Each structure stands twice: as C-alpha cells, then as structure tokens.
Amino acid sequence: MTVAAPPPGRKTSRAARAAEPSPGALAAALLGWYDRHRRVLPWRAPPGVKADPYAVWLSEIMLQQTTVKAVVPYFQKFTAAFPTVRDLAEAELDSVLRLWAGLGYYARARNLHACAKVLVDRYGGVFPRSVEELRALPGIGAYTANAVASIAFDLPVVPIDGNVERVLTRVHAVEEMLPAAKPRVTALAEALEPSDRPGDFAQALMDLGATICTPKAPACVLCPWAEPCLARRRGDPETFPVKAPKREGLLRRGAAFVAVRADGAVLVRTRVAEGLLGGMTEVPTGAWSGDHDEATSLDHAPDLGVARRQWRRVPGVVTHVFTHFPLELLVFVADVADRIAAPGGMRWIARKDLAGEAFPSLMRKVIAHAGIDLRPGEAPSGDAPAHAQKPDPTKTNRRRR
DNA sequence: AAGTCGTGGCT
DNA sequence: TAGCCAAGACT
C-alpha cells in the first residue's frame, strides 16, 4: 500500500494520482498504527475486550470540548461515586453538579443526569444499540451517538469530532471552510470506514488527531497517512481545517459579595437551573454588564442588615474568560455575626462544606480572592479569620499600572 | 443557523 | 502573553 513519496517541488503527476491508496488500504494502515500506538485511557477497553457502554457514554459526554487531561480525574470520581447508570439516575442532580463542578459546560451534567433517568425508566438501564435511539437521548448529539454506537457496539458509523475534521481536511486538503465543509468531511469519513473494527477505526482517527495530526506542528514523519496526505504534500498542513474567524465578546463587569460569619460559614445561593452556570452555587453578585458602575457596586450587596461600610473591597479584581465574553468581578467581603439570618433564597455554607459545594471555577476564584482557602481540611486555625489570609498572588489579578 | 454555553493548558 | 482551542449539544 506504500506510495513512493513525490519528488520535492513536484506537481501532482498522473502516475502519483493513480497510485493513491485505496480506502481499504488507508483504513488498514490506520488500524495498524492504532494497534501499535493506541492511548491507554481509563474508559478504554484493552484490545479485544468489549467496551462498557456506560464508561464510553460517560467519557464521551465529559470529553465534549474538553481535554483528556481535564477529564481523567472527573471520570474517576464519577465512576467511583456512580458505578452504574442506575446509581447515577438515582442520585440527586445537586450531587452530580457538585462532582462536575470545575469541568465546565454544566448543561452536560444536567443532561447526563436526565439521560441516566431516561435510560433507567425507559430502557431498564441498558443502552439502546441504535444510532437513532441514542441520538434521541438528552445530551447526545450526532457526534456522541456515533461515538457510542461505534466504540461500544461496533456499529459501522464514524463520529466526526474536531480531530476527525482536522485529519480528513488535511489528508484531502479541503479548502472549503468549516462548518460548511462538514457534509464533505462526513462523506470522506464514511468512504474510509472499514467493514470490520468500526470502534477501533473511530478511536484510531481520534488518537491520530490528538497525538500526531495536532493543530500545531503535526508530527507528519510519524503519521501512517503521511504519503497520501495532500496537506503534507503541499507543505502547509497547519492551514487546515479552514475556519471562520470568531469575534470576541465584550467585557462585562460586576461585583461579588462574600459574607463570612464568625464561625466561618459563607453566604451562597443557587443559580437558576438553565443558562450560564445553571444550577451551580454562587456567592451573591450584582448584574454582569458592560457598563457596571463601581461607585454603585454596594447597591447590589445582599441585605444582611449590616452597615455599608462593613463591606470592604478586596484589592485587585477577579478575571474570568467565558467562551463568549470576558468578565471582571470586584470582590467585597463582610464579617457578620453568627446570628445573622440568610436573606430569602440564600443559605449559609459551613466552612468545612465549602470544598464540596457546586462552585464553578469562577466562584472558586472569587472565594480565593476573598482570602478563603476552599481546600478540604484547611480550616483556619486560631484567631485569624480565614479571609484575613493574604490573597494568593498567583490566583489574583491585580490591576496593572 | 448563529449564538450560547466553561475551563485550563498550551504556544 | 494573549490568543487558540479540546472527543459538541442545544436552541
């Protein structure tokens, strides 16, 4: 199946074109590479062993727009806490969100839980074995349906993710812009699908994209598809895939309020179930807007019946970048008495329970900026209030100049 | 169908 | 450093 490398500075000759490997040969080369270089991942079954649909599904949901490195510890936590789909279905949503906290895209956790319930209620806890039924489940789109179908059930379908798009647009030098080129990429993938080992083929394509055909500085010399790859022949593999430039979001600002009781408890509330950080825990904040007025920040403080001057501004600002907008939060801290009641819709969280709360990363930054260490087993010792600790300069963004 | 939806690691 | 972007889904 090996094709002679074209001479340097070549034009694609008729002979070279005629010698292009067949789809079957390409698939065989990729599977051979996979057998030698497949990654060992916690959710991946050893060679020759059937994959566990639950592990495949859980990992695929976690891996949506998320790196393997970030997912691994979460996958471990989830499988330990919820060994089966039924365990997950029977859990409270809040306990799922607490375990998911920090991984981002929290709709995935809500849909994960909803999906587990449907699987138990309607499928007896057994994953359906068709793409159509999988696709109809909460949180499972075209990609994940194909991923589960191929990896867990060896159905002959190809999940098209960012890796596969990159590999195929490079091999074929697809100049059409994504996502417009998506149908073409799908066709290219389907043309390569081998009659056997669909699950390995899918994973091989993704491993190739993740370890060899990387966005920057692809390791073409190690690639099983180096010779037929048109992008490599052209010498500019990094230019593929062609994507439309995305415009940046506008900066939003706001104020966050960390009320700390004498016993160390912190005032929090739960965000609405849908939308940004839906269902997650937060300290009270004012609105996040492009025209936040610092002078009136305290107007948005929770009503604890304390004087305005009890709120002291922590120097610096917490910055956070969401996918579609950057955010700057001023942080105010107030020490209040133990007897102060939580305003409606809010509650006090004991110091020892802070680490386990469903705080998204943004809120962990805010709380850390306020001088509170969320790490479990790090209760403040002695007289100094927890928030009197010096803010960690590595996690705090002081205003420059 | 284009906008919404997180986060951290990498270059 | 400042952008880029990772095994996308949903509306």
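Small disclaimer: the values here were computed from a predicted structure and weren't measured. All chains are named by letter (A, B, ...) in the order of the sequence lines, taking the proteins before the strands, and each is independently numbered beginning at 1.
Nucleic acid contact class of A:Ile140 (heavy atoms, under 4.0 Å, all strands): sugar-phosphate only. Counting non-hydrogen atoms under 4.0 angstrom, A:Thr144 reaches the backbone sugars and phosphates but no base.
Straight-line distance between the P atoms of C:dA7 and B:dG3: roughly 23 Å, to the nearest whole Å.
Contact annotation: A:Lys216 does not reach the phosphate of C:dC5 (side-chain N/O to OP1 or OP2, under 4.0 Å). Between A:His324 and B:dC5 there is a side-chain polar atom (N or O) within less than 4.0 angstrom of OP1 or OP2. For A:Gln65 and C:dG8, the shortest distance from a side-chain N or O to OP1 or OP2 is below 4.0 Å. Regarding contacts with the backbone of B:dG8, a side-chain N or O of A:Ser361 is found under 4.0 angstrom from either OP1 or OP2. Phosphate contact (OP1/OP2 of B:dG6, side-chain N/O of A:His320, threshold under 4.0 Å): absent. Between A:Tyr105 and B:dT4 there is no side-chain N or O to OP1 or OP2 distance below 4.0 Å. At C:dA6, one or more side-chain N or O atoms of A:Arg166 fall inside 4.0 Å of OP1 or OP2 (strictly under the cut-off).
In this structure, A:Leu103 places its CG atom 13 Å from C1' of C:dA7, rounding to the nearest Å.
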### Task
Evaluate side-chain hydrogen bond (donor to acceptor under 3.5 Å, both in side chains) for A:Ser130 paired with A:Glu133, printing each intermediate quantity in order.
CA-CA 5 Å; A:Ser130 78; A:Glu133 288 172 295; 2.9 Å; yes
